[in-house]
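Taking it in order: structure first as structure tokens, then the write-up.
The figures here come from the full heavy-atom set of this structure, side chains too, leaving out hydrogens, waters and symmetry mates.
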Amino acid sequence: MPQQPATGAGKVFLIGGGPGAADLVTLRGARAMARSDIVIWGRPLVTEELVREHSRPDAEILAWPPATMAELEAAYDRAAAAGLTVARLHGGDPAVYARLAEELDRVRSRGLEVEIIPGVTAACAAASALGWELTSEAERLPVVLASGPGKDGEVAPAIANAASGGHALALYMIRDCGPELQRALLDGGYPPDTPCAIGQRVSWPGERLDRCSLKELGDVLEELGGEGQTVVLVAAAGEPAH
């Protein structure tokens, strides 16, 4: 059983920082940062501009990395002991590939109050930047969120299931697996001319947005490389190009 927060025991905001840009965090998230004594942020996931713009001038800023998990947990311990408020920034939304359950365990085991604030996902930010309709009102097909193939080329079951149903896909954690991903989608039943889009470092300086067909996807991903957050959008089977 998790401990219940004691009066004045401190609080942690788990904030969806959005895809990175300072102006794509929600108003609620920005307000939570502005009232926090400690701000913990993932350097690869959101820009330093976002942290500096919305944090209090006297707030303790803890960048993770180079800070270690032990230092992060020590900040939670100090918050519990001194009744401090902590803002813990996640990239995108805390519920999407952010190990939310693990973070909740760390917070609740220390008796800290917790509030989760949603954020703009990289997939939604990429779709907006491209003018890409993730869902079709006419077809009413679901959008499946999934991660790319692992280091050994293993494809997540969600990709195979989505391919067999011809659903639209938003794919995260795409690093050095372009050919494997392309092969999995083709083998699953997506036609070679299925429209795809790639967003890399969406909303950051140096943002890349590319459109291609599925038959070109592997080559485009290899050309882009694995620098920065990359998300791939795949249209539902039979959908026209956007």
Is it true that a side-chain atom of T26 and a backbone atom of G29 form a donor plus acceptor pair closer than 3.5 Å?
yes

Indicate, with yes or no, if M69 and V114 share a hydrophobic cluster defined by side-chain heavy-atom contacts under 4.5 Å among Ile, Leu, Val, Met, Phe, Trp and Tyr.
yes

With clusters defined by side-chain heavy atoms of hydrophobic residues (ILVMFWY) lying less than 4.5 Å apart, directly or transitively, does L14 cluster with L89?
no

Any donor-acceptor N/O pair, T47 side chain to G20 backbone, under 3.5 Å
yes

Compare every heavy atom of A127 with every heavy atom of L134, then report the nearest pair and how far apart it is.
CG-CB, 3.8 Å

Worked verdict on V143 versus H167 for side-chain contact (heavy atoms from CB on, under 4.5 Å):
CA-CA 6 Å; V143 176; H167 302 322; over 6 Å; no

Non-hydrogen side-chain atoms of V39 and V51 separated by less than 4.5 Å
yes

What distance do L217 atom CG and R211 atom CZ have between them, rounded to the nearest 0.5 Å?
14.0 Å

Report yes or no: do V46 and L24 belong to one cluster of Ile/Leu/Val/Met/Phe/Trp/Tyr joined by side chain heavy-atom distances under 4.5 Å?
no

Any R201 side-chain heavy atom under 4.5 Å of T230 side chain
no

Test: E103 and R106 ion pair at under 4.0 Å:
yes

Side-chain donor or acceptor of E223 paired with backbone N/O of D219 under 3.5 Å:
no

Just so I know, are the side chains of V86 and F13 near enough to count as touching, which here means a heavy-atom distance under 4.5 Å?
no

Lys/Arg N to Asp/Glu carboxylate O, K215 vs D193, below 4.0 Å
no

I116 reachable from I40 in the ILVMFWY side-chain graph, under 4.5 Å edges:
yes

Please list all pairs passing the salt bridge (charged side-chain N to carboxylate O under 4.0 Å, His left out) test where one or both residues lie in residues 15-28, with sequence neighbours left out.
none

Pair listing, ring pair (Phe, Tyr, Trp, His ring centres under 6.0 Å) test, anchored in residues 64-100, at least two apart:
Y97-Y172

Quick one: CG on D210 to CG on L221, what's the gap to the nearest 0.5 Å?
9.0 Å

For the CG atom of L104 and the OG atom of S109, what is their distance to the nearest 0.5 Å?
10.5 Å

Has R56 got more than 12 heavy atoms of other residues, nucleotides or ligands less than 6.0 Å from its CZ?
yes

Please report the interatomic distance OG(S55) to CG(D37), rounded to the nearest 0.5 Å.
11.0 Å

Is any side-chain N of the basic residue among R78 and E60 closer than 4.0 Å to the acidic one's carboxylate O?
yes

Under 4.5 Å between side-chain heavy atoms, hopping through other hydrophobics if needed: is there a path connecting L45 to V96?
no

Show the nearest heavy-atom pair for residues A67 and L62, with the distance to one decimal.
CB-CD1, 3.6 Å

Mind running side-chain contact (heavy atoms from CB on, under 4.5 Å) on M33 and L50 for me, showing each step along the way?
CA-CA 10 Å; M33 291 175 64; L50 184 154; 3.9 Å; yes

Audit row: L171, V231, side-chain contact (heavy atoms from CB on, under 4.5 Å) steps and yes/no
CA-CA 6 Å; L171 298 166; V231 61; 5.8 Å; no

Minimal heavy-atom distance between L100 and A95, with the atoms involved, is CD2-CA, 4.2 Å

Using modelled atom types only, decide if a donor and an acceptor are shared between the side chain of S128 and the backbone of A125 within a distance under 3.5 Å.
no

Determine whether a donor-acceptor pair (N or O, by modelled atom type, separation under 3.5 Å) exists between the side chain of H54 and the backbone of A22.
yes

Considering all heavy atoms, the nearest Y190-L214 contact:
CB-CD2, 3.5 Å

Is any side-chain heavy atom of P192 closer than 4.5 Å to one of E216?
no

Check: A21 main-chain N/O paired with S203 side-chain donor or acceptor under 3.5 Å
yes

Passing option when E115 is tested against R31, R35, R88, K11 for salt bridge (Lys or Arg N to Asp or Glu O under 4.0 Å)
K11

Is it the case that the side chain of R110 and the backbone of A81 share a donor-acceptor pair, with hydrogens and angles ignored and the cut-off at 3.5 Å?
no

Examine distances only and state if a side-chain atom of W204 and a backbone atom of P19 form a donor-acceptor pair shorter than 3.5 Å.
yes

Identify the heavy atoms of G199 and L209 that sit nearest to each other, and give their distance.
CA-CD2, 4.0 Å

What distance separates I38 CD1 from I61 CD1, expressed to the nearest 0.5 Å?
10.0 Å

Measuring from atom CD of Q200 to atom CG of L224, what distance do you get when rounded to the nearest 0.5 angstrom?
5.0 Å

As a test of understanding, state which of L185, V232, L233 forms a side chain to side chain contact (heavy atoms under 4.5 Å, CB included) with L169.
L185

Heavy-atom distance under 4.5 Å between the side chains of Q229 and P44, does that happen here?
no

Minimum heavy-atom distance L130-A197, with the two atoms named
CD1-CB, 3.5 Å

Is the backbone N or O of T68 less than 3.5 Å from a side-chain atom of E71, with the two atoms forming a donor-acceptor pair by type?
yes

